[in-house]
2 protein chains.
Amino acid sequence: MATSTVENYLKHILLLSEGGGELVSMGALATSLSVVPGTATTMVKALADSGHVEHRPRQGVRLTAEGRRLALSVLRKHRLVETFLVTVLKMDWAAVHAEAEQLEHAISDEVLDRLDALLGHPDTDPHGDPIPSRQGKINSQVYATLATCAVAKPLRLVRITDQSAEFLQFAEQNGLLPGATVHVADRNLAAGLITLKPAKGPALALSLAAAGSILVQPAR
Amino acid sequence: MATSTVENYLKHILLLSEGGGELVSMGALATSLSVVPGTATTMVKALADSGHVEHRPRQGVRLTAEGRRLALSVLRKHRLVETFLVTVLKMDWAAVHAEAEQLEHAISDEVLDRLDALLGHPDTDPHGDPIPSRQGKINSQVYATLATCAVAKPLRLVRITDQSAEFLQFAEQNGLLPGATVHVADRNLAAGLITLKPAKGPALALSLAAAGSILVQPAR
DNA sequence: GAATCTATTTTGAGTAGTCAAAATAAATCC
DNA sequence: GGATTTATTTTGACTACTCAAAATAGATTC
Ligand SMILES: [Mn+2]
Ligand SMILES: [Mn+2]
Ligand SMILES: [Mn+2]
Ligand SMILES: [Mn+2]
């Protein structure tokens, strides 16, 4: 059995590599896992020995097929657990990430399957993050963000990629949940902000950085 | 935070000490945890340094108030998780022990409270094991077993103390679930077995050893 | 009151993961 | 092309377990 440390390394490599393909630098991986770079190097070499990753010294890491399989299974657990915590236990969507970070390592495949069925086989979690299928398929569709989308067109909010509790709380307060309908009233590159008009509720201003972590698609 | 190893040691000490009071021998503890005796000694000394237990060299261990508090909280998580797995996810009651053994270390107090509410604040788990309250109170009532109870009197089945998957499967197959009504038709000390008559279903024979792991109380 | 048996403890060593700090390689600057 | 900056790797050390095997303390037997 893979330890939870191994599972975390693989999941972070997957998330940092745009789906598993690109090389991930030791620095980025170390930062993402909150360890020092030397630790990441040491662990990645062990992961390479066990066949979970390919390590190109001085260049980065990449998942092997087996590593990717395991990483996707951890990600599936993480996101199904988040969904359960929000939809069944009615927990705050800003709090569930920390919980799922632990539970993803403690849940068996058997429990996961039953959770999946109980939830009606959802394909996204409460944040709009795609849930990998049992077979390891994951929706990798590329969406526009509020920083890059068309102005003055109706949009459906798809996903919030900034997982920080503060941002999620802010988003919820302003009705910015996946499924909500909005449009960008104005985008001012010079000032570095956009004005957003939700279908319901008052207009609000967002920095381009914040806008960039909200994914949308054309509505209707 | 206590590691899951520490949590397991404390929980096993609690379970082996009839509620936390009596001294538990290193041998019994080591067997219960599936480690060699030297390992148990080493860990118990560390646990004593951190104030979770009192170690009487050559005699045994006992929980401190703090150790007991922590052990009860782990036990509460274990049993509420088992209850959730059986009543919500409809899992086999013989399989949930292994699952809960992991999940008990990954569940936060916040999630636990919500699980408890979802389940309607149960006071026993699917096996009839008492669930400690949030405050650490636990029903320590002493029950008769099918090996010691009155013969030919109506009985209500209270609890199955043998947690092995085989025995639980056997019990379920024969309708021996907590709440079931039975009576002991005959007890033959010489042959070492009893004949049990469930309210519904055919009579069946049980060894005294097996009978001793089924707790009952007078029905009606 | 020794000799023996049994449970416990100690010792030495190994695995998994981590950090601090020094060494090294690669990229960038002049 | 040589010096400097930056990222990565290596080294040495530490924590939290764990086991095998030797040492020891008690209890039991003769
Ligand atoms: Mn995690
Ligand atoms: Mn999510
Ligand atoms: Mn456990
Ligand atoms: Mn139980």
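A, B, ... follow the sequence lines: proteins, then strands. Residue 1 opens every chain. Source: prediction; values computed, not measured. Computed from heavy atoms alone, side chains included, the values below leave out hydrogens, waters and symmetry copies.
When only modelled atom types and interatomic distance are considered, A:Glu66 and A:His52 share no side-chain donor-acceptor pair under 3.5 Å. A donor and an acceptor atom, one from each side chain of B:Asp129 and B:His78, are nowhere located under 3.5 Å apart. Inspection of the A:Gln141 and A:Tyr143 side chains reveals an N or O donor paired with an N or O acceptor under 3.5 Å. A donor and an acceptor atom, one from each side chain of A:Ser108 and B:Glu99, are located under 3.5 Å apart.
Put simply, NE2 on A:His12 is 15 Å from P on C:dG17, counting in whole angstrom units. Summarising the geometry, the separation between CE on A:Met43 and P on C:dA16 is reported as 10 Å, rounded to the nearest angstrom. Regarding B:Arg56, its CZ atom lies at a distance of 15 Å from the P atom of C:dT8, rounded to whole Å. If you take CG of A:Leu29 and P of C:dG17, they are 14 Å apart, rounded to a whole angstrom. Rounded to whole Å, the distance from NE2 on B:His55 to P on C:dT8 is 9 Å. Put simply, NE2 on A:His52 is 13 Å from P on C:dA16, counting in whole angstrom units.
Checking C:dC19, C:dA7, C:dA16 against every side-chain atom of A:Val36, the shortest atom distance belongs to C:dC19.
Here the range on DNA chain D touched by chain B, meaning any atom under 4.0 Å from one of its heavy atoms, is D:dC17 to D:dA25.
Contact annotation: A:Thr3 does not reach the phosphate of C:dA16 (side-chain N/O to OP1 or OP2, under 4.0 Å).
Distance check: A:Leu155 CG to A:Thr145 OG1 gives 10.5 Å after rounding to the nearest 0.5 Å.
Within 4.0 Å of A:Gly38, counting heavy atoms only, lies at least one base atom of the nucleic acid. If you check every strand for non-hydrogen atoms under 4.0 Å, A:Thr39 touches a base. Across all strands, A:Thr5 comes closer than 4.0 Å only to sugar-phosphate atoms, never to a base (heavy-atom distances).
Looking at every heavy atom in both residues, B:Leu16 comes nearest to B:Ser32 through CD1-CB, 3.7 Å.
The side-chain heavy atoms of A:Ile13 and A:Leu29, taken from C-beta on, include a pair separated by under 4.5 Å.
Positionally, the nearest nucleotide of DNA chain C for A:Ser4 lies more toward the 5' end than for the other of A:Ser4 and A:Arg58.
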